[in-house]
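Ligands are counted one by one from 1 in listed order, and the atoms in each one are counted from 1 as well.
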Amino acid sequence: MTRSRITKAVVPAAGLGTRFLPATKAIPKEMLPIVDIPTIQLVIDEAVRAGITDVVVVNGRNKVSIEDHFDHAYELEHTLRSRGANAAADAVEAVSTMVRIISVRQKRPLGLGHAVLCGKAAIGNEPFAVLLGDDLIDNDTNPGIGQLAKVYEQTGSGAIAIMEVAPGQEHMYGIVVGEKDATGHLRIRQMIEKPKPGTAPSRWAIVGRYVLPPAVWPLLEATTPGHGGEIQLTDALRGLAESPEGLYGVVVEGIRHDAGDKLGYLRANLCYALKRPELREQVLALVRELAQLT
Ligand code: G1P
């Protein structure tokens, strides 16, 4: 059976960015750079490398900068070229042609499940990806969301990225329980959004990548506020896990960074800087120097 390929994605970007204030007072946290690339560009690059052509960005307030970032900037490109800064101009131009961006607005901060539901009209009746900007999955050859798309294409079931987190961290994540079946992936039986410390039924945590069938729309519409009084994506996905098609937890390959956390953000910056040949040696020298100072 051939299943439709995943070509559309929802990227929620309507959060208040409270953990990065005051930096996020006037710009969305998704525009904070990892070295010199906005987090959302890294996330969308992952999607593009997995064959995604259309990205629905769910915006809150202060989000024009995201639209501008993925738009042409003729004056800037022209000025850079007239100064001979062609590499910079090429980099600026490449961002504007990488993907089709569809902007929708989440008018009230009602939660992640509600944010994804705001993409319904733009996505329609087809399977789609969801990528959260707080999670970076660094894999140059096998993009994280593509690993999930393959599982969807093979099984026809929704697939979500999971990783085993350290003991004591479970309360910060959606946690799943299940057992491996013939596919080699975890058939999810139980899921709980941010269990109270000490109560988690496993250490399999959801990391922000999902490939979902359109059957999730009515489930999202029927989801009532859960953890934190918000409409949680995890609660809607429980309905998929209980359906005959089921839901798979897929251990994604790649280095995961929690860019939504201050230390995780700094770590991501260092790790991505170390991947850049022109920066690597200097960054290593800097880290060694700082280590000796303390
Ligand atoms: C969201 C999801 C949670 C998931 C996490 C991954 O939570 O609700 O299930 O484990 O992303 O980063 P958030 O971190 O947005 O509070």
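The closest side-chain donor-acceptor pair between T39 and E30, if any, does not fall under 3.5 angstrom. A donor atom on one side chain and an acceptor atom on the other are not found under 3.5 Å apart for E230 and H114.
Using a 4.5 Å heavy-atom cutoff, the side chains of V55 and F70 are not in contact.
Under the 4.0 Å distance rule, the nearest protein heavy atom to atom 10 (O) of ligand 1 falls inside the cut-off.
Under a 4.0 Å criterion applied to the non-hydrogen atoms of L132, ligand 1 contributes the atoms 1 (C), 11 (O). Remark: ligand 1 atoms within the under-4.0 Å shell around heavy atoms of G174 are 3 (C), 4 (C), 9 (O), 10 (O).
The shortest separation from a heavy atom of D134 to ligand 1 is not under 4.0 Å, leaving the residue out of contact. Between T234 and ligand 1 there is a heavy-atom distance shorter than 4.0 Å. Taking 4.0 Å as the cut-off, K194 counts as a neighbour of ligand 1 on heavy-atom distance.
Below 30°, between 30° and 60°, or above 60°: for Y272 and H257 the angle between ring planes is between 30° and 60°, a tilted geometry.
The protein non-hydrogen atom at the shortest distance from atom 12 (O) of ligand 1 is D135 OD2, 2.7 Å. Of the protein's non-hydrogen atoms, E193 OE2, 2.7 Å is the one closest to atom 8 (O) of ligand 1. Nearest to atom 5 (C) of ligand 1 among the protein's heavy atoms is I206 O, 4.0 Å.
Aromatic rings of F20 and Y265 (six-membered ring for Trp) have centroids within the 6.0 Å cut-off, being under it.
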Step by step, would you call Y210 with L237 a side chain to side chain contact (heavy atoms under 4.5 Å, CB included)? CA-CA 10 Å; Y210 313 73; L237 297 184; 3.7 Å; yes
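Annotation: H78, atom NE2; neighbour count of heavy atoms from other residues, nucleotides and ligands within 6.0 Å does not exceed 12.
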